[in-house]
Amino acid sequence: MTRPSVRSVTTTAALLALTAACGEQPTLTQSGVPDARPGAQAVSLLGDTLTPPTASPETRTRQMEQLADAWDAYARDPASADAAIWYGRRLAYPGYYRAAIAAYTDAIGAHPDDARLFRHRGHRYISVREFGAAIDDFAVAAKLVQGQPDEVEPDGQPNARNIPTSTLQSNIWYHLGLAHYLRGDFPRALSSYREDVKVATNPDMLVAATYWLYLTLRRLGEDDDARAALEPITVDLDIIENGSYHRLLLLFKGSLPADSLTAALNSDDLIANVTVGYGIGAWHYVNGREAEAEAVWRRILESPQWAGFGYIAAEAEIARLTAQ
């Protein structure tokens with residue numbers, strides 16, 4: 001098989017440079033697959049070294065098989081931006097975030113006008129707590145898609161109905177808003193989430209955008225606008241995968257009691273756990289119950305799912321409280 005030798009060498013060099021601060025990392029083998037489990041990928045906002053949790057043997061096997069397939073597709077067509085995107089995505093799912101960033105960086109050199117590459121690299125900059133770099137990438141992506149028709153973004157991990165629920169533009173605005181929110185820059189987060197709501201074309205996109213829009217408005221003291229943002233959120237929305245956001249919005253609206261979310265907070269679905277946990281903490285916080293909020297957020301930080309957005313948001317809140 002013909003291998004993109006120059007590009008793979010470039011990617012490996014970029015990987016080593018980008019990960020120097022996080023300790024020794026696995027290198028990319030000739031097959032394009034890391035030669036060891038992911039090591040430390042980031043330093044948390046509280047100063048902790050972050051290493052991806054160990055997946056089950058079944059999950060690890062599936063992820064590595066998918067990664068090998070993605071590399072094969074990339075090796076067959078190294079000029080393909082699609083192949084580079086999937087290679088980066090498959091690197092990230094098992095926790096090789098730094099390698100994914102390096103792969104996207106390599107591909108951006110060949111495709112500097114492809115907004116998708118900036119969108120995906122920005123996502124992984126959020127994972128490793130480099131919010132400024134993420135904002136820069138999403139800002140570039142937003143400019144590149146300005147005036148262009150939106151496009152559905154395929155799922156790397158399909159939902160129960162195998163129906164993709166997000167689009168390129170919704171993901172750009174969603175993640176740009178999140179990066180600002182995590183930095184505590186709520187005015188800029190508000191601008192992004194207003195754009196996100198505009199491009200929401202289905203209930204799943206709507207609840208995801210509205211969740212962060214509502215919390216941002218409450219942090220800015222815009223309570224009337226926050227209540228107005230909840231008006232389209234009803235119990236009977238046909239939600240495919242963003243059930244946690246939907247239930248939290250119903251809690252914010254007063255249509256769902258807080259104790260109805262307890263099961264999700266204690267479920268085996270750890271991503272749902274940190275998502276609901278952050279939302280309950282934020283609900284306490286914006287309603288003046290700061291001690292309760294801090295207790296819930298600190299509980300989230302006991303989870304191993306440090307790449308989840310709910311975890312990162314809780315970490316950012318605790319970092320701000322600690323600084324105060």
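Note that the numbering runs from 1 along the sequence shown for the chain.
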Let me have the donor-acceptor pairs involving side chains of residues 288-296, under 3.5 Å, with sequence neighbours excluded, atom names and distances please.
{"residue": "Arg289", "atom": "NE", "partner": "His284", "partner atom": "ND1", "Å": "2.8"}
{"residue": "Arg289", "atom": "NH2", "partner": "His284", "partner atom": "ND1", "Å": "3.4"}
{"residue": "Glu294", "atom": "OE2", "partner": "Arg298", "partner atom": "NE", "Å": "2.9"}
{"residue": "Glu294", "atom": "OE2", "partner": "Arg298", "partner atom": "NH2", "Å": "3.1"}

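- Judged as a side-chain contact (heavy atoms from CB on, under 4.5 Å), and not counting sequence neighbours, the contacts of Ala179 are Ile126, Ala134, Ile135.
- Note on Val197: it clusters hydrophobically with Tyr245, by side-chain heavy-atom contacts below 4.5 Å among ILVMFWY residues.
- The shortest side-chain heavy-atom distance between Pro164 and Glu153 does not fall under the 4.5 Å cut-off.
- Note: the hydrophobic cluster containing Ile312 does not contain Tyr93 (ILVMFWY, side chain heavy atoms under 4.5 Å, direct or indirect links).
- A donor-acceptor contact closer than 3.5 angstrom is absent between the side chains of Thr216 and Arg219.
- Under a 4.5 Å side-chain heavy-atom cut-off, the cluster of Ile, Leu, Val, Met, Phe, Trp and Tyr residues that includes Leu117 is completed by Ile85, Tyr104, Ile108, Phe118, Val140, Leu144.
- Counting all heavy atoms, side chain and backbone alike, Trp306 lies closest to Pro52 at CZ2-N, 3.6 Å.
- For the pair Gln63 (side chain) and Gly95 (backbone), a donor-acceptor distance under 3.5 Å is absent.
- Proximity of Asp185 to Phe131: side-chain heavy atoms (C-beta onward) are nowhere separated by under 4.5 Å.
- In this structure, Arg60 and Pro38 approach most closely via the heavy-atom pair NH1-CD, 3.9 Å.
- Taking the six-membered ring where the residue is Trp, Phe252 and Tyr211 present parallel rings, their angle staying beneath 30° rather than reaching 60°.
- Remark: Ala81 engages His111, Asp114, Arg116 in a side-chain contact (heavy atoms from CB on, under 4.5 Å) (not counting sequence neighbours).
- Judged by distance alone, with hydrogens and angles left aside, the side-chain atoms of Asp196 form no donor-acceptor pair with the main-chain N or O of Ser192 at under 3.5 Å.
- Within the 4.5 Å cutoff, no side-chain heavy atoms of Tyr97 are placed close to those of Leu50.
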Criterion side chain to side chain contact (heavy atoms under 4.5 Å, CB included) on Leu256 and Leu261, from CA distance to verdict: CA-CA 9 Å; Leu256 203 62; Leu261 282 86; 3.9 Å; yes

Ser44/Arg129 under side chain to side chain donor-acceptor pair (under 3.5 Å): CA gap, chis, key distance, verdict: CA-CA 7 Å; Ser44 81; Arg129 280 51 173 181; over 6 Å; no

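- Residues Ser127 and Ile101 have side chains not in contact (no heavy-atom distance under 4.5 Å, counting atoms from C-beta outward).
- Ile280 is listed as a side-chain neighbour of Leu248, based on a closest heavy-atom distance under 4.5 Å.
- Contact of the Tyr181 side chain with the Leu215 side chain is registered, since non-hydrogen atoms from C-beta on lie closer than 4.5 Å.
- One distance of note links CZ of Phe186 with CD of Glu222; it measures 13.5 Å at 0.5 Å rounding.
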Criterion salt bridge (charged side-chain N to carboxylate O under 4.0 Å, His left out) on Arg62 and Glu65, from CA distance to verdict: CA-CA 5 Å; Arg62 183 183 72 254; Glu65 288 175 347; over 6 Å; no

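- We find the CG-CG distance between Leu46 and Asp48 to be 6.0 Å, quoted to the nearest 0.5 Å.
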Verdict with reasoning, Asp106 to Tyr87, per side chain to side chain contact (heavy atoms under 4.5 Å, CB included): CA-CA 12 Å; Asp106 196 21; Tyr87 179 48; over 6 Å; no

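- Between Val152 and Pro154, the shortest heavy-atom distance links the atoms O-CD, 3.7 Å.
- Nearest heavy atoms, Gly277 versus Ile300: C-CD1, 3.2 Å.
- Here the shortest heavy-atom pairing between Leu67 and Pro34 reads CD2-CD, 3.6 Å.
- Below 30°, between 30° and 60°, or above 60°: for Tyr278 and Trp212 the angle between ring planes is below 30°, a parallel geometry.
- You'll find the side chain of Lys143 stays beyond 4.5 Å of the side chain of Ile172, heavy atoms only.
- Of the N and O atoms on the side chains of Asp82 and Ser80, not one donor lies less than 3.5 Å from an acceptor on the other residue.
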Side chain to side chain contact (heavy atoms under 4.5 Å, CB included) evaluation trace for Tyr311 with Leu301: CA-CA 7 Å; Tyr311 186 112; Leu301 300 188; 3.7 Å; yes

Side chain to side chain contact (heavy atoms under 4.5 Å, CB included) evaluation trace for Arg188 with Leu176: CA-CA 9 Å; Arg188 285 191 173 89; Leu176 177 57; over 6 Å; no

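- Considering CG of Asn171 and NE2 of His123, their distance stands at 8.5 Å, rounded to 0.5 Å.
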Side-chain donor-acceptor pairs of residues 200-210 under 3.5 Å, sequence neighbours excluded:
{"residue": "Asn202", "atom": "OD1", "partner": "Asp204", "partner atom": "N", "Å": "3.1"}
{"residue": "Asn202", "atom": "OD1", "partner": "Met205", "partner atom": "N", "Å": "2.8"}
{"residue": "Asn202", "atom": "ND2", "partner": "Thr165", "partner atom": "O", "Å": "2.9"}
{"residue": "Asp204", "atom": "OD1", "partner": "Ile240", "partner atom": "N", "Å": "3.4"}
{"residue": "Asp204", "atom": "OD1", "partner": "Glu241", "partner atom": "N", "Å": "2.8"}
{"residue": "Asp204", "atom": "OD1", "partner": "Asn242", "partner atom": "N", "Å": "2.8"}
{"residue": "Asp204", "atom": "OD2", "partner": "Ile240", "partner atom": "N", "Å": "2.8"}
{"residue": "Thr210", "atom": "OG1", "partner": "Leu206", "partner atom": "O", "Å": "2.7"}

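- Between Asp137 and Arg119 there is no salt bridge, since no side-chain nitrogen of the basic residue lies less than 4.0 Å from a carboxylate oxygen of the acidic one.
- Centroid-to-centroid, the aromatic rings of Tyr96 and Trp71 stay 6.0 Å apart or farther.
- Between Phe309 and His175, the ring planes are perpendicular. Angles over 60° get that label, and only those under 30° would be called parallel.
- Both Trp173 and Leu220 are members of a single hydrophobic cluster when ILVMFWY side chains are connected at heavy-atom separations under 4.5 Å.
- The CE atom of Met64 sits 13.0 Å away from the OG1 atom of Thr59 when rounded to the nearest 0.5 Å.
- In this structure, Leu249 CG and Ser255 OG are separated by 10.0 Å, a value rounded to the nearest 0.5 Å.
- Classified by interplanar angle (parallel below 30°, tilted 30° to 60°, perpendicular above 60°), the ring pair Trp297/Tyr285 is tilted.
- Between Arg299 and Glu302, none of the side-chain N atoms (NZ, or NE/NH1/NH2) sits under 4.0 Å from a carboxylate O, so this pair counts as no salt bridge.
- Using a distance-only test at 3.5 Å, with no hydrogens or angles considered, a donor-acceptor pair links the side chain of Gln41 to the main chain of Arg98.
- Judged purely by atom type and a 3.5 angstrom limit, Glu151 has no side-chain atom pairing as donor or acceptor with the backbone of Leu168.
- Residues Ala92 and Arg124 approach most closely at CB-NE, 3.2 Å, considering heavy atoms.
- In this structure, Gln305 and Asn273 have side chains that are not in contact, with every pair of non-hydrogen atoms separated by 4.5 Å or more.
- Although no hydrogens or angles enter the test, the distance criterion places a donor-acceptor pair under 3.5 Å between the side chain of Tyr193 and the main chain of Leu178.
- Just one residue in the list Asp225, Asp224, Asp223 forms a salt bridge (charged side-chain N to carboxylate O under 4.0 Å, His left out) with Arg227, and that residue is Asp224.
- Not counting sequence neighbours, the partners of Lys198 by the side-chain contact (heavy atoms from CB on, under 4.5 Å) test are Glu195.
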